[in-house]
Every structure is written in structure tokens, then in C-alpha cells.
Trainee: 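Take a look at this one; I'll ask things after.
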Amino acid sequence: NKPVDLKEISESGVKKLMTNPSDKLILINVWATWCGPCVIEFPEFINIHRMYMGRDFEFISVSADRLEHKEKALKFLKNKNAAVTNYIFSGSDIYKLVAAIDPEWDGALPYTVLLEPEGKIVYKKMGTIEPLELKRTIVDHPMIGRYY
């Protein structure tokens, strides 16, 4: 029953997000409503968030939809009960989002990255994730661990 919202984020905001200024392990998924694989795998990210939200972990979604489709993206997020930190890229050039996230990324969606504090990448995946592999990466990380 938590509220679901969708905030705009600029290129500089994305660059700051990628530095992970928090003290948590953050999982970022870049998706779009027009991307079939993104829509199919999105509920898995909500499950992962619920599994680890009581620990030093945060899931953040970044929509690559055009800003004029913000309401459509928000409707999707509400339908998925995505009461997490949700952003939509506010820039007009999607390749600036791509470059801000990972210069090695070719821009294909979905794209997922797991960051330690200070921005060290511990997992990244172009395309659909393997949920079990990602969960193992999270739980085996020293910041999370199997028990708490």
C-alpha cells in the first residue's frame, strides 16, 4: 500500500546515481514500457527488492521511455506495485543516458547494474537477467550475506 511515484532524472543525476553516494548496495534496472523483455522481467526486480529491502540494499528503476510517456510508465509501475525509487530520464537524447550509465553499454534494453557504495560495479547485464544468478550475487556480497 505504499505510494508509487516516478521522478525525472537528468544526465547529471544519472551520473551521480552511478557513483552510488549511499551506504547501500544498489541495483539499477533501465527499462521501458515498449520493451517486451523489460516488462516481462520487471516483477522479478520487485521480488528481489522485497527479499533484501531490510538490509543495506536498494532497488532503483530508470525508465528510458520518452518524457511524454511518463504517465504510461507511471501506470505500469503502479500496476506492478513498484513502491521503490523510480526515475524517468528527462533528456531528449537517450544515448546520453546510455553513456552516463555505462560507456560499454550499446543501449539495448533491459540493462541492469549492481553497485557498491562509491560506484564499484559488481554485476552488470545487457539483456534479460538470470534471476537466480543475480540473487546469488546479491546474497553472496559481503554487505548483504546469507544471514542477518
Side-chain angles (χ1 to χ4, degrees), residues 1-22 24-116 119-141 143-144:
N1 291 333
K2 293 181 180 179
V4 176
D5 65 348
L6 181 59
K7 300 174 196 154
E8 294 179 18
I9 190 167
S10 65
E11 178 185 0
S12 62
V14 172
K15 286 179 180 176
K16 182 177 180 184
L17 185 63
M18 291 303 294
T19 67
N20 189 2
S22 77
K24 298 178 179 182
L25 199 60
I26 62 170
L27 178 64
I28 301 170
N29 175 250
V30 184
W31 63 281
T33 57
W34 47 262
C35 165
C38 301
V39 170
I40 291 168
E41 79 173 357
F42 196 86
E44 192 62 51
F45 290 109
I46 300 305
N47 289 338
I48 289 170
H49 164 74
R50 289 178 180 154
M51 287 174 75
Y52 303 112
M53 68 184 191
R55 303 185 194 188
D56 292 331
F57 177 83
E58 182 178 4
F59 170 62
I60 299 172
S61 84
V62 178
S63 173
D65 284 285
R66 293 185 185 272
L67 211 45
E68 59 261 25
H69 297 129
K70 183 177 180 180
E71 286 306 313
K72 182 179 180 181
L74 180 58
K75 182 179 177 182
F76 171 82
L77 292 167
K78 285 181 177 180
N79 186 40
K80 300 300 179 192
N81 298 311
V84 298
T85 303
N86 297 299
Y87 293 112
I88 186 167
F89 184 61
S90 63
S92 58
D93 183 355
I94 198 70
Y95 289 101
K96 289 188 177 184
L97 168 66
V98 170
I101 295 220
D102 183 352
E104 296 176 12
W105 175 29
D106 67 7
L109 294 176
Y111 181 82
T112 305
V113 63
L114 184 65
L115 299 168
E116 290 180 346
K120 181 183 176 195
I121 296 174
V122 292
Y123 172 93
K124 67 180 176 177
K125 176 76 173 172
M126 284 186 273
T128 308
I129 61 162
E130 294 293 334
L132 189 56
E133 174 190 4
L134 179 55
K135 289 175 191 173
R136 281 186 183 138
T137 302
I138 294 167
V139 80
D140 287 342
H141 193 278
M143 289 184 69
I144 304 299

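Along the sequence shown, the residues carry numbers beginning at 1.
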Trainee: Does the pair I46 and N81 meet the rule for a side chain to side chain contact (heavy atoms under 4.5 Å, CB included), with working shown?
Mentor: CA-CA 8 Å; I46 300 305; N81 298 311; 5.5 Å; no
Trainee: Is the shortest heavy-atom distance from the side chain of V122 to the side chain of H141 under 4.5 Å?
Mentor: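 Yes, their side chains come closer than 4.5 Å.
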Trainee: Between CG of L6 and OG1 of T85, what distance do you get to the nearest 0.5 Å?
Mentor: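 That separation rounds to 11.0 Å.
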Trainee: Of the options L114, N20, L115, which is the one that meets I121 in a side-chain contact (heavy atoms from CB on, under 4.5 Å)?
Mentor: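 Checked L114, N20, L115 against I121; only one passes side-chain contact (heavy atoms from CB on, under 4.5 Å): L115.
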Trainee: So which heavy atom on P110 is nearest to which on P37, and how close?
Mentor: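 What the structure gives for the nearest pair is CD-CB, 4.0 Å.
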Trainee: Give the minimum heavy-atom separation between I60 and L17, together with the two atoms involved.
Mentor: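 Looking at all heavy atoms of both residues, the closest pair is CD1-CD1, 3.6 Å.
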Trainee: Considering residues at least two apart in sequence or located in another chain, which fulfil the ring-ring contact (aromatic ring centres under 6.0 Å, His included) criterion with F89?
Mentor: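 For F89 there are no ring-ring contact (aromatic ring centres under 6.0 Å, His included) partners, ignoring immediate neighbours.
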Trainee: What's the verdict on side chain to side chain contact (heavy atoms under 4.5 Å, CB included) for M126 and D106, showing C-alpha distance, side-chain angles and the deciding distance?
Mentor: CA-CA 8 Å; M126 284 186 273; D106 67 7; 3.8 Å; yes
Trainee: Under the side chain to side chain contact (heavy atoms under 4.5 Å, CB included) rule, what do D65 and W31 come out as? Steps first, then yes or no, please.
Mentor: CA-CA 8 Å; D65 284 285; W31 63 281; 4.1 Å; yes
Trainee: If I compare all heavy atoms of H49 with all of A83, which pair ends up nearest, and what's the gap?
Mentor: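 Looking at all heavy atoms of both residues, the closest pair is NE2-O, 4.3 Å.
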Trainee: Could you state the interatomic distance from CZ (R55) to CD1 (I144), rounded to the nearest 0.5 Å?
Mentor: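 With rounding to 0.5 Å, CZ (R55) is 6.5 Å from CD1 (I144).
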Trainee: List the residues meeting ring-ring contact (aromatic ring centres under 6.0 Å, His included) with F57, not counting sequence neighbours, and say none if there are none.
Mentor: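 Scan of F57 (ring-ring contact (aromatic ring centres under 6.0 Å, His included), adjacent residues dropped) gives Y52.
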Trainee: Pairing donors with acceptors under 3.5 angstrom, does anything connect the side chains of E58 and S22?
Mentor: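 No, no side-chain donor-acceptor contact under 3.5 Å.
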Trainee: Can I get a per-line list of side-chain donor-acceptor pairs under 3.5 Å for residues 93-103, giving both atom names and the distance, sequence neighbours left out?
Mentor:
{"unit_1": "D93", "atom_1": "OD1", "unit_2": "Y95", "atom_2": "N", "d": "3.0"}
{"unit_1": "D102", "atom_1": "OD1", "unit_2": "E104", "atom_2": "N", "d": "2.8"}
{"unit_1": "D102", "atom_1": "OD2", "unit_2": "Y111", "atom_2": "OH", "d": "2.5"}
{"unit_1": "D102", "atom_1": "OD2", "unit_2": "K124", "atom_2": "NZ", "d": "2.9"}

Trainee: If you count the non-hydrogen atoms of other residues, nucleotides and ligands that lie under 6.0 Å from NZ in K70, is the total more than 12?
Mentor: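 Counting other residues, nucleotides and ligands, NZ of K70 exceeds 12 neighbours.
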Trainee: From Y87 OH over to I28 CD1, what is the distance, rounded to the nearest 0.5 angstrom?
Mentor: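 If we round to the nearest 0.5 Å, Y87:OH and I28:CD1 are 9.0 Å apart.
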Trainee: Looking at every non-hydrogen atom in both residues, tell me the closest pair between D5 and L77 and how far apart they are.
Mentor: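 Distance-wise, the nearest heavy atoms are O-CD1, 4.5 Å.
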Trainee: Are R136 and E130 ion-paired here, with the side-chain N under 4.0 Å from a carboxylate O?
Mentor: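 Result for this pair is no, no salt bridge flagged.
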Trainee: Give a yes or no on whether the backbone of A32 and the side-chain of S63 come within a donor-acceptor separation of less than 3.5 Å.
Mentor: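 Absent.
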Trainee: Mind telling me whether F59 and F45 have parallel, tilted or perpendicular rings, with 30° and 60° as the class edges?
Mentor: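 Correct class here is parallel.
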Trainee: Taking the basic N atoms (NZ, or NE/NH1/NH2) and the acidic carboxylate oxygens, is any pair closer than 4.0 Å for E71 and K75?
Mentor: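 Here E71 does not pair with K75 in a salt bridge, since their nearest N and O are not under 4.0 Å apart.
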Trainee: Report yes or no: do N29 and S61 form a side-chain donor-acceptor pair below 3.5 Å?
Mentor: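 S61 and N29 do not have a side-chain donor-acceptor pair below 3.5 Å.
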Trainee: Locate the shortest heavy-atom distance separating W34 from A64; write the atom from each residue and the value.
Mentor: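 Shortest heavy-atom contact: NE1-O, 4.5 Å.
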Trainee: Can you tell me how far NZ of K7 sits from CG of N86, rounded to the nearest 0.5 angstrom?
Mentor: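 Taking CG in N86 and NZ in K7, the distance rounds to 8.5 Å.
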Trainee: When you look at V113 and M18, which way does the side chain to side chain contact (heavy atoms under 4.5 Å, CB included) test go after all the steps?
Mentor: CA-CA 9 Å; V113 63; M18 291 303 294; 4.1 Å; yes
Trainee: I need the I138 CD1 to K135 NZ distance, nearest 0.5 Å.
Mentor: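 I138 atom CD1 to K135 atom NZ measures 9.0 Å (nearest 0.5 Å).
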